Colleague: 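I'd like to ask some things about the structure below.
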Amino acid sequence: MFREVSARVNVIQLEEDILRFWKEQRIFEKSIEIRKGGPLYVFYEGPPGANGSPGVHHVLARLYKDVVCRYWTMKGYHVPRKAGWDTHGLPVELDVENSLALTSKAQIEEYGVARFNDHCRSTAFKYIKEWEAMTERLGYWLDMEHPYVTLDNSYIESCWWIVKQLWDKGLVYQGYKVTPHCPRCGTSLSSHEVALGYEDTEDPSVYVKFRLDASSLERRAECESSLLPSSLLSKPIFLLAWTTTPWTLPGNSALAVASHAEYSVLEGDQDYLILATKLVDKIGSEGYTETAIVQGEALVGLEYEPLFNPHSFGVQRLDLPTLCAEETIDSLTYPVIGADFVSLDEGTGVVHIAPAFGEVDFDIGMSSGLDFVQPVDLEGRVIGTYRFAGEFVKDADPHVLEDLKSRGLVYRSERITHTYPFCWRCETPLLYYAKPAWYIRTTAVKEKLISGNSEIDWHPDYIKHGRFGDWLENNVDWAFSRERYWGTPLNIWRCSSCDNCECVDSVQGLSLQLNVSGLTMPLDLHRPYVDEITFACRECGGKMQRVPEVIDCWFDSGAMPLAQWHYPFENEDRFKQNFPADFICEAVDQTRGWFYSLHAISTLLFSRPCFRNVICLGHVVDARGEKMSKSKGNVIAPWAVLSKHGADALRWYMLVSTAGEDTHRFSTKMLEETTRKFLLTLWNTYSFFTLYANIDFGNEVDKMGQCLLNPHLSEGDRTELDQWIISELNRLVGEVSKSMDSYNPTVATRRIEGFVDILSNWYVRRNRRRFWKGENDADKLAAYSTLYQCLVTLSRLLSPFVPFMAEELYQNLTRSVNPGARESVHLTDFPVADEAKIDDRLNSDVGLAMRISSLGRAARAKVGIKVRQPLGKAVVMVEAEAEKRALERLAAEVIEEINVKQFVVLRAEEKRGEFPSNMPDYSLANDARYWVAISTELTPELIAEGVSRELVRHLQNMRRNARFDITDQIVTYYQTEGPLLRQVMDAFGGYIKQETLSHELIDSLPPDGAYVEKHRVLNAEVSLAIRRTNPR
RNA sequence: GGGCCAUUAGCUCAGUUGGUUAGAGCACGGUUCUGAUAAGACCGGGGUCUGUGGUUCGAGUCCACAAUGGCCCA
């Protein structure tokens, strides 16, 4: 006997019981062990940081990872799932800074790096219990007992080894990186921090004149005379550039123009001005007249005189990209270059370039070999011997302007309001500042990065050539050092005497150095302990000290394919077996994060991509489409949802409602709706089945198993609808497999939802009678075995998506009758479609019967005749002969659905004269293809039959109201004044008795204790009473 | 400022290679069916498929531009 299934399900209790079962029986571990002989399917867990509480937006990626891994496991693959935790980086440091009320690097160092990092170490796991609990309750199967942790010495050592490999290949170098820098805090800010601090502010808006060098014009005139009119040589010519940061002008070393734009040459009394034609009107040109128009191209290659020759003010001029000091030149000139970023919407179309003060400027400085001039120190003060030297840059602005005005180099000067980033901690304006940083030369393998990407299957596919492909096309070297404390220390030691640098690949590598000191046990490879390790320089014998930086935490996570195994120091074969990954999955913001760091490290080391398939998920936002954030207070804690609605409801809702890559709107209301629509419908179908199966098979477990597992059915015992639902089932299995093979759980779950709908609302509804009829014949057995097969197949099909519900179905429907079955549904194989059972024609035929039934009901509704009331005839008009034949075969179904006695199908060309399109006794309904006409004529016989059905309905409701059991036998009493009703009782007594399980219909007063209701039928009062006759 | 994605009913979403009258669910109003169902069926109101051009015999679908929103990067 099946365990009784209540129509009202307590999902929370059910899921908790199942969690306990999985844990006690170690089902997850078994699901991996039993697949050990199978092909390996490699999954990499992108490590979350556990320094914050998990939100419902963290559930999505965990869910998708789980679904895919469970699916491939059931397909026979061996899918180990090692957990991982990301423990380093700025988020942890900021958390600790806040809790210790530290606001600058100076304060951290004063507090002590050792104590600071101790706090970081514990903060990194602040919410790990919550993460683990959420993971388990969600049903995300992951080996959390053996996670990789980025702060472990072994993990760090693997990172060191990787850096050393790159170092040996000449791919690590020290260069300059332009970063947003807070001059007060003395530190760079991450882009995330910068985003916190944008504010409107008022700044100077200055149009500055740069004098073109006459000799470069002459040279140009000689070889390409036509480009600039030679008459211009009579007066000085100025290029007009715009800036809001005059203090950057001493760092200027180029002007950029748009090659394809037109530039106007304006003539004034004293001079000529050149600026973009499009912007002349906007800026104003009083006192000047246009004398010529030239292409930007013609300006490229000209040279101009700097506003401030750095050599005159004691400032160095460095060459890019080598950063070597250039010789002192008194008659210095800088070039005009072409650049595609020059805006023609604001400014002058001539852009002032200062490589020391802007990322774009620096990049173009590197690629064009410009000069690098840095006239400002890290505290934001102007250096050198300028008139404004020693001032803070913002304070220097007016003095720079005065200086230029006195030399007649300012065309116009005003003030504007615009947004500018400020330090979110101290509100000091940020300076974009080129600072030394360590780089990995990823550009050296750019082509490999791109060709490797072509081997990766992206889901959705447009990321491949879009967001990720573009990112690779625009690859720049990876600045992977951070001037911070809590991270993998950069394993480069530098000689304090001769600047010789050495990269050390391991702890052993350190111990083998000369005169090592500071390598003390217990070993902690973090700062500040690692900073104390020194050794002798092999070049000069000087003292080798570690450089102060730590490594970008994205490097940590990108190193996980190796570092999770402590490769190459241990586990060589495990690493090799588990590389590359078959599957990874994270949200879309990881394209430039983890997806890139994995791909880059793998390409740099092994010249091959790191993963074959990647799902790139959209973000989870609230019900109104707004991003979840602590400040808005709209973050939904997963725990609240899990403990109220259960994991399956949350899982199904997230999978089915929105395609993975789209933005997921999270609404509890929609979650509840999805639950009602799908999980409860499925549950009730399951409950229906067990209810009747228990009635029919009682305690005969053997017989039940026999009947359901190996039904003795001969050809023809299965009805057309049985064959249809089996055909739909197999089609479903095929579609779900196909969707999952292409990493699309949303399509898979939507298909399943569609199947459960037709299973419940067409198959079961149309076949109910076969389950509750008296005799146990082959027809009944066919119905049972068909529905059983659907439910049992569904349990396996559903198990990657809703593992709890699937387990419940499996345990009760399969395990109970088949003790030899596997212990859990998650140890079974994924169903395989039986193609031979798929009958596309039958599927569409039944679909047609459904459609015609709908139209029939619509035709009845038009004239207000209840479906309960039988009618004489329905005439249907279809277009194709095949449709006609299909409907004739399925006529019995349609006849019952629309309750008519006679059913005629015509093809369009047969309709003449026969189709009752305008007859008053018919009601019509149609859609684009089909017409249905229903006879509305009511004969006394039809009316009487309708009344009998109404009486049955009343009696059934009474049985329910009286809380009788489905199988209870009764006696029915009735009293009525209407002779018609008495006739109905006589004529349809047999039918009424059969439907209501009545032994007798007695025309008399009911005995005491009978359940009584009065109803009006056919305008007559009828008193009905029922009494149970079987003992309880 | 650049890139990617989205925009279809009040809300959440489908809509295959361009082809009859653009579909579901929720919500609302009405009717109905039912001894599995918190469900189902039928009718109704509710759509200039974001806008403007273009390609085509024909565009929700293809192309261009624009607007709005989201994300990533400046």
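We name chains A, B, ... by the order of the sequence lines, and we start the count at 1 in each one. Values in this document were obtained by computation on a predicted structure and should not be read as measured data.
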Colleague: Rounding to the closest angstrom, what is the interatomic distance between G15(B) and G30(B) at atom P?
Modeller: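 After rounding to an integer number of Å, I get 34 Å for this pair.
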Colleague: Could you give the CD-to-P distance, from Glu753(A) to A24(B), as a whole number of Å?
Modeller: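 About 16 Å, once rounded to whole Å.
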Colleague: Using atom CZ of Phe678(A) as one end and atom P of A38(B) as the other, report the distance to the nearest whole Å.
Modeller: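 Those two atoms, CZ and P, are 18 Å apart.
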Colleague: Taking only the C1' atom of each, what is the distance from A9(B) to C5(B) in whole angstrom?
Modeller: 23 Å
Colleague: Applying a 4.0 Å non-hydrogen cut-off, can you work out what Tyr686(A) is touching in the nucleic acid: base, sugar-phosphate, or nothing?
Modeller: nothing
Colleague: Counting side-chain heavy atoms from C-beta on, which of G25(B), U34(B), C4(B) comes nearest to Asp470(A)?
Modeller: C4(B)
Colleague: Taking atom types as modelled, find out whether Thr675(A) and Trp652(A) have a side-chain donor-acceptor pair closer than 3.5 angstrom.
Modeller: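 No donor-acceptor contact under 3.5 Å links the two side chains.
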Colleague: Measure from CD on Glu893(A) to C1' on A41(B) and round the result to the nearest Å.
Modeller: 16 Å
Colleague: Rounding to an integer number of Å, can you tell me how far Lys677(A) NZ sits from G40(B) P?
Modeller: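 My rounded result for the distance is 9 Å.
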Colleague: Rounded to whole Å, how long is the line connecting atom CH2 of Trp652(A) with atom P of U12(B)?
Modeller: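 Distance check: Trp652(A) CH2 to U12(B) P gives 22 Å.
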Colleague: With P as the reference atom in both, quote the distance from G70(B) to U32(B) in angstrom, rounded to an integer.
Modeller: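 One P to the other, the span is 47 Å.
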Colleague: Can you check the distance between A14(B) and G47(B), where both ends of the measurement are the C1' atom (answer in whole Å)?
Modeller: 15 Å
Colleague: Anything below 3.5 Å on both distances counts as a pair; with that, list the stems of at least three consecutive Watson-Crick or G-U pairs involving RNA chain B.
Modeller: B:1-7 with B:67-73, B:10-13 with B:23-26, B:28-32 with B:40-44, B:50-54 with B:62-66
Colleague: Does a nitrogen or oxygen in the side chain of Arg765(A) sit under 4.0 Å from OP1 or OP2 of A36(B)?
Modeller: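 So the side chain of Arg765(A) is outside the cut-off, no N or O lying under 4.0 Å from OP1 or OP2 of A36(B).
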Colleague: From CZ of Phe688(A) over to C1' of A39(B), roughly how many Å is that when rounded to an integer?
Modeller: 14 Å
Colleague: Using a 4.0 Å heavy-atom cut-off across all strands, classify Arg766(A) as base, sugar-phosphate, or nothing.
Modeller: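 The answer is nothing, as Arg766(A) stays clear of every strand by at least 4.0 Å.
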Colleague: Taking the side chain from Thr690(A) and the backbone from Phe2(A), do they hold a donor-acceptor pair closer than 3.5 Å?
Modeller: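 Checking the backbone N and O of Phe2(A) against the side chain of Thr690(A), no donor-acceptor pair under 3.5 Å is found.
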Colleague: Using a cut-off of less than 4.0 Å, is there contact between a side-chain N or O of Tyr462(A) and OP1 or OP2 of C5(B)?
Modeller: no
Colleague: What's the closest nucleotide to the Thr685(A) side chain, out of G25(B), G35(B), A36(B)?
Modeller: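 The nucleotide sitting nearest to the side chain is A36(B).
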Colleague: For the side chain of Glu673(A), counting heavy atoms from C-beta on, which of C5(B), G25(B), U37(B) is nearest?
Modeller: G25(B)
Colleague: Between A64(B) and C71(B), how far is it from one C1' atom to the other, in whole Å?
Modeller: 24 Å
Colleague: Distance check, P atoms only: U37(B) and U48(B), in whole angstrom units.
Modeller: 41 Å
Colleague: Could you pull out the closest heavy-atom pair between Ile758(A) and Met850(A), with the gap in Å?
Modeller: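 Looking at all heavy atoms of both residues, the shortest contact is CG2-CE, 4.3 Å.
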Colleague: What interatomic distance, in whole Å, is found between P of G10(B) and the corresponding atom of A66(B)?
Modeller: 28 Å
Colleague: Any chance the side chains of Tyr596(A) and Asn475(A) put a donor and an acceptor closer than 3.5 Å?
Modeller: yes
Colleague: Within this structure, what is the CD1-to-P distance between Ile852(A) and C42(B), rounded to whole angstrom?
Modeller: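 Spelled out: CD1 on Ile852(A) to P on C42(B) is 13 Å.
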Colleague: Minimum heavy-atom separation for Arg770(A) to Lys780(A), with atom names?
Modeller: O-CG, 3.3 Å
Colleague: Is it true that a side-chain atom of Arg750(A) and a backbone atom of Val656(A) form a donor plus acceptor pair closer than 3.5 Å?
Modeller: yes
Colleague: Does Arg959(A) qualify as a cation-pi partner of Phe964(A), given the criterion of NZ or CZ under 6.0 Å from the six-membered ring centre and within 45 degrees of its axis?
Modeller: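 The answer is no, since Arg959(A) fails at least one limit relative to Phe964(A).
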Colleague: Can you tell me how far P in A22(B) sits from the matching atom in G69(B), rounded to whole Å?
Modeller: 31 Å
Colleague: Is it the case that the ring center of Trp458(A) lies less than 6.0 angstrom away from the ring center of Phe595(A)?
Modeller: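 They qualify: ring centres under 6.0 Å apart.
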Colleague: Got a donor-acceptor pair under 3.5 Å from the side chain of Ser760(A) to the base of A39(B)?
Modeller: no
Colleague: What heavy-atom pair brings Asn744(A) and Val747(A) nearest, and what distance separates the two atoms?
Modeller: OD1-N, 3.1 Å
Colleague: Could you tell me whether the phosphate oxygens of C13(B), OP1 or OP2, come under 4.0 Å of any side-chain nitrogen or oxygen in Arg750(A)?
Modeller: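 Checking Arg750(A) against C13(B): no side-chain N or O falls below 4.0 Å of OP1 or OP2.
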